[in-house]
S.K.: 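Once you've had a glance at the structure underneath, I'll fire off some questions.
Counting begins at 1 with the first residue of the sequence.
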Amino acid sequence: METDSEPYVRLASLRQLHQAMADMNKARSLADTLQAVADGVVQALNYELACVNLVGPDGDLVVAALAGNPAAEALITGRSGSRESWDRRLNMGEQWGDLIFIPHTEGWVLDDDDVPQWYTDGPAPRFEDEWHPSDRLFAPMYAPGPQGAGNSGELIGVLSVDRPRNGRRPGAWGREALQMYAFQAAIAISNARLRSNMQRALVRLERDQQALRASEESFRQAFEYAPSGMAIAEMGGDQHGRILRTNDALCRLLGRRASAMRRYAFSDLVHPEDLGTLLRTSAEGGRAELRLGRRDGTYVWVSLRNSVVADAADGPRFLLTHVEDIEERKRRELQLAHRASHDSLTGLPNSAELRSRLAARLCQRPQSSHTAVADAMDAAYGHSAVFDSGGHTFDFSAAEPYGAFDHHVHAVAPEDGRDDGTKGLAVLFCDLDGFKSINDRFGHNAGDAVLIEVARRLSGGVRDGDTVARLGGDEFVILANGLGRADAEDLAVRLRGEIIQPIRAEGRAVRVGASFGIGWAHCGMTADEVLKSADERMYVEKRSRPKQHRRAG
């Protein structure tokens with residue numbers, strides 16, 4: 001720039017200043033912008049050395065760019081000075097508008113602080129406004145404030161200059177030009193930082209999007225090609241449970257097309273008996289084993305496992321349901337359960353299953369000397385009545401089976417000796433007559449064939465819902481509910497008539513007879529007590545018949 005003695009600034013100098021500002025605003029990166037700022041001071045403002053000290057994240061100022069001296073650039077670029085030392089500089093010396101000038105007469109106190117410095121050699125000044133090698137001139141750069149004033153925002157850096165080419169301290173024109181340049185440099189640096197932050201954000205966004213696309217693709221492939229069934233369903237709202245998407249494995253399992261599956265919710269496909277199980281386990285982390293309907297009307301046992309998938313941070317949530325085919329396992333479990341509860345020879349329920357079914361129909365009242373009192377309290381207060389008598393507390397809900405029958409229809413028995421129209425649970429105890437002789441004469445294979453045929457005939461002679469069980473050996477038991485005394489006796493006669501018909505065993509026709517004892521199950525009895533009562537009646541009936549009528553060879 002020209003000296004203050006010139007009444008004008010040459011056009012070439014203005015062009016240089018304009019070009020310097022254009023260069024720093026055209027820079028494509030923050031580093032290029034900082035270097036353009038330093039170069040502009042040397043090229044347009046005619047200083048021999050310029051340094052850009054940028055405020056870092058920790059508040060200290062780092063030498064970010066230097067122009068005019070390669071040796072100084074190599075020595076101090078990248079080094080930092082503490083914010084405390086810089087604040088000391090900016091608060092001393094002479095205030096030239098927004099500039100800070102520290103003459104050599106005061107600057108010696110700064111020689112030993114931690115701010116990176118470069119000293120230029122030169123002779124001592126010969127006149128008052130000549131530049132001294134130890135003079136310091138700083139132009140603070142502030143982020144643009146709301147009103148556009150250069151020093152109204154936060155300090156972003158300091159532009160330090162050294163040795164004007166004309167050897168003189170800058171006059172009014174030079175000071176204003178440096179101040180204006182620092183203001184424009186602050187804008188350029190702020191814009192460059194903004195662009196840099198935006199570029200980093202865009203890079204992060206693109207990276208996140210790529211990761212999201214990769215994740216979505218991985219999920220899509222895992223979903224589509226999973227060996228077991230997968231489905232995505234709506235969660236919450238009026239359409240809760242509606243199927244949005246299914247994979248090929250689930251479509252194959254249910255024999256339905258993917259487009260057709262979207263018309264259903266899981267509640268539409270589940271077996272009616274399993275609907276409650278589905279509703280109890282349709283939340284996150286829910287698991288259930290239930291039956292889903294195939295297109296052909298059959299059902300398949302599956303295991304459902306749910307997890308929640310969020311569409312966005314606060315967006316809609318969906319249920320991701322994993323559907324595993326467990327038909328084979330369920331079939332094995334049912335087979336094992338059937339084997340455990342049924343006779344291996346005849347296929348009838350065994351003794352344990354018989355007792356279980358019988359006990360399920362009976363509720364037991366507490367047996368004690370207070371039975372009459374208990375009945376009265378039961379009538380008055382229900383079966384949970386509790387009272388204290390003589391220092392003892394009686395809780396009539398203590399018998400667990402009794403308290404478990406909230407909607408139980410109590411089993412009653414017809415009165416002995418007459419048919420009063422009462423319908424009860426008849427227990428027919430059947431013992432084969434002459435079976436032992438068949439085993440002895442023709443062998444166990446023949447005996448087994450007889451037992452199998454007797455089981456078939458008994459099962460065919462009762463109603464649906466009645467139970468025919470093999471108690472053991474040649475003993476069978478029939479549970480028939482809703483019979484009167486005459487009905488039970490007629491049933492025993494009819495079954496005896498079926499049994500005594502010839503049976504083909506080991507190539508020959510054999511006959512067995514049957515003795516029946518009719519007992520009645522009623523609440524207050526145990527299963528063993530009921531069976532014992534029917535067994536005793538069977539033996540009474542067996543002894544009352546002539547021996548020749550008890551068996552047929």
Side-chain angles (χ1 to χ4, degrees), residues 220 222-309 318-343 346-349 353 356-357 360 407 455-456 459-469 479 481-482:
R220 186 191 69 80
F223 182 89
E224 294 293 344
Y225 302 116
S228 55
M230 302 283 285
I232 296 176
E234 288 195 15
M235 183 176 181
D238 297 336
Q239 299 293 318
H240 179 78
R242 185 174 68 88
I243 297 172
L244 303 174
R245 184 177 175 183
T246 56
N247 69 348
D248 290 341
L250 182 57
C251 292
R252 290 195 303 271
L253 177 64
L254 300 183
R256 302 176 186 270
R257 297 191 305 273
S259 58
M261 289 289 290
R262 290 193 289 271
R263 296 198 296 264
Y264 298 102
F266 275 109
S267 58
D268 300 323
L269 300 174
V270 73
H271 192 285
E273 295 178 3
D274 299 333
L275 183 58
T277 302
L278 175 69
L279 297 177
R280 287 192 298 271
T281 57
S282 62
E284 179 177 6
R287 293 171 178 263
E289 292 186 357
L290 43 76
R291 289 159 289 181
L292 292 181
R294 290 191 176 107
R295 185 183 179 186
D296 61 6
T298 62
Y299 287 89
V300 57
W301 275 101
V302 298
S303 171
L304 296 187
R305 184 172 69 253
N306 294 325
S307 57
V308 173
V309 178
F318 303 94
L319 275 179
L320 176 63
T321 302
H322 179 266
V323 184
E324 182 182 357
D325 182 359
I326 58 171
E327 180 73 17
E328 185 62 30
R329 174 167 68 81
K330 277 292 183 180
R331 182 161 40 246
R332 289 196 302 269
E333 289 177 356
L334 291 174
Q335 289 173 350
L336 291 173
H338 186 272
R339 290 174 185 171
S341 60
H342 286 70
D343 176 48
T346 63
L348 297 178
E353 178 67 11
S356 175
R357 294 186 186 186
H407 305 287
R456 187 191 67 79
S459 298
V462 299
R463 304 164 302 176
D464 291 341
D466 291 344
T467 294
V468 178
L479 302 182
N481 193 31

S.K.: Do D466 and L479 touch side chain to side chain, with heavy atoms closer than 4.5 Å?
M.R.: no
S.K.: So, for F223 and M230, which heavy atoms are closest and what is the spacing to 0.1 Å?
M.R.: CE1-CB, 3.5 Å
S.K.: Under 4.5 Å between any side-chain heavy atoms of R257 and R295, yes or no?
M.R.: yes
S.K.: Any side-chain heavy atom of L290 sitting closer than 4.5 Å to one from H271?
M.R.: no
S.K.: What residues form a side-chain hydrogen bond (donor to acceptor under 3.5 Å, both in side chains) with R339, not counting sequence neighbours?
M.R.: none
S.K.: Return yes if some donor-acceptor pair links the side-chain N/O of N247 with the main-chain N/O of P227 below 3.5 Å, else return no.
M.R.: no
S.K.: Closest heavy-atom contact between T277 and A288?
M.R.: CG2-CB, 3.8 Å
S.K.: Considering all heavy atoms of both residues, which atom of P349 and which atom of H342 are nearest to each other, and what is their separation?
M.R.: N-CD2, 3.4 Å
S.K.: Give the minimum heavy-atom separation between L250 and A231, together with the two atoms involved.
M.R.: CD2-CB, 3.8 Å
S.K.: Measure from the side-chain N and O atoms of T298 to the backbone N and O of R294, and report whether any donor-acceptor pair falls under 3.5 Å.
M.R.: no
S.K.: Applying side-chain contact (heavy atoms from CB on, under 4.5 Å), run through I243 and D268 and close with a yes or a no.
M.R.: CA-CA 10 Å; I243 297 172; D268 300 323; over 6 Å; no
S.K.: Quick one, V308 and L320 - any side-chain contact, counting heavy atoms below 4.5 Å?
M.R.: no
S.K.: If the condition is side-chain contact (heavy atoms from CB on, under 4.5 Å), which residues does E327 pass it with, not counting sequence neighbours?
M.R.: V300, W301, D325, R331
S.K.: How long is the straight-line distance from CG of L279 back to CG of D274, given to the nearest 0.5 Å?
M.R.: 11.0 Å
S.K.: Kindly compute the distance separating NZ (K330) from CD (E289), expressed to the nearest 0.5 Å.
M.R.: 4.5 Å
S.K.: How far does CG of L348 sit from CZ of R456, to the nearest 0.5 angstrom?
M.R.: 12.0 Å
S.K.: If you measure from the Lys or Arg side-chain nitrogens to the Asp or Glu carboxylate oxygens, is any gap between E324 and R305 under 4.0 Å?
M.R.: no
S.K.: Is any side-chain heavy atom of E353 closer than 4.5 Å to one of H338?
M.R.: no
S.K.: Check for me whether R256 meets the cation-pi criterion with Y264, that is, NZ or CZ under 6.0 Å from the six-membered ring centre and within 45 degrees of the ring axis.
M.R.: yes
S.K.: What's the separation between atom CZ in F266 and atom OG1 in T321, rounded to the nearest 0.5 Å?
M.R.: 4.5 Å
S.K.: Restricting to non-hydrogen atoms, name the atom on A226 and the atom on A249 that form the minimum distance, rounded to 0.1 Å.
M.R.: O-CB, 3.6 Å
S.K.: Rounded to the nearest 0.5 Å, what separates atom CG in L254 from atom CG in L292?
M.R.: 5.5 Å
S.K.: Say you draw a straight line from CD1 of I326 to CZ of R332; how long is it, rounded to the nearest 0.5 Å?
M.R.: 10.5 Å
